[in-house]
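One structure is given below, encoded as structure tokens.
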Amino acid sequence: MSKPINLPGLGVVRPDGEGYRADQPLSVEDVRDLIRQQWVHTVQVSDGQGGAAEFHAACELNGRPFTITGQIGGC
């Protein structure tokens, strides 16, 4: 998984080091709904102190584990 991919409920994510990074900030509701996706195992969020709030999701798709990070703040 080294090319950008389009994921349901998230949109396009691009390779970023060991995992992927979302192209656009997600709304709080979208981040909350990530855990409902069958391919998402866990979602952690930062509190945003010292910068923008971010999420970190541990995922698995087609038997391949990966992580996704991104900013929180879209409407």
Side-chain angles (χ1 to χ4, degrees):
M1 293 183 139
S2 61
K3 297 180 181 179
I5 53 176
N6 192 352
L7 296 170
L10 187 61
V12 175
V13 294
R14 298 188 186 285
D16 181 37
E18 307 246 340
Y20 287 87
R21 184 153 189 91
D23 277 355
Q24 301 292 324
L26 277 94
S27 69
V28 172
E29 292 81 15
D30 288 341
V31 173
R32 180 194 67 217
D33 291 342
L34 270 180
I35 198 64
R36 294 186 178 127
Q37 298 293 328
Q38 186 175 8
W39 48 272
V40 177
H41 295 291
T42 62
V43 177
Q44 297 176 341
V45 296
S46 71
D47 59 8
Q49 290 183 351
E54 288 199 336
F55 69 90
H56 178 88
C59 310
E60 184 176 335
L61 191 61
N62 299 325
R64 301 185 88 173
F66 60 99
T67 60
I68 300 172
T69 58
Q71 289 188 338
I72 302 171
C75 297

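With values rounded to the nearest 0.5 angstrom, Gln71 atom CD is found 10.0 Å from Gln24 atom CD. Expressed to the nearest 0.5 Å, how far CD of Gln44 lies from CD1 of Ile35 amounts to 10.0 Å. Distance check: Gln37 CD to Leu7 CG gives 8.5 Å after rounding to the nearest 0.5 Å.
Using a 4.5 Å heavy-atom cutoff, the side chains of Cys59 and Ile68 are in contact. For the pair His56/Val43, no side-chain contact is recorded, criterion being any heavy-atom separation below 4.5 Å from C-beta on.
Of all the heavy atoms in Ala22 and Leu26, the pair that sits closest is CB-CD1, 4.0 Å. Annotation for Val12 and Pro4: closest pair CG1-CB, 4.3 Å, computed over non-hydrogen atoms. The shortest heavy-atom contact between Gly73 and Pro25 is N-CB, 4.2 Å.
Ring geometry, Tyr20 versus Phe66: the interplanar angle exceeds 60°, so the pair is classed perpendicular (tilted spans 30 to 60°).
The salt bridge (charged side-chain N to carboxylate O under 4.0 Å, His left out) contacts involving residues 34-61 comprise Arg21-Glu54, Asp33-Arg36, where partners must be two or more places apart or lie in separate chains.
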Working for side chain to side chain contact (heavy atoms under 4.5 Å, CB included), residues Thr69 and Phe55
CA-CA 5 Å; Thr69 58; Phe55 69 90; 5.8 Å; no
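Looking at residues two or more places apart in sequence or on another chain, you find a side chain to side chain contact (heavy atoms under 4.5 Å, CB included) between Ala53 and Ser46, Ile72.
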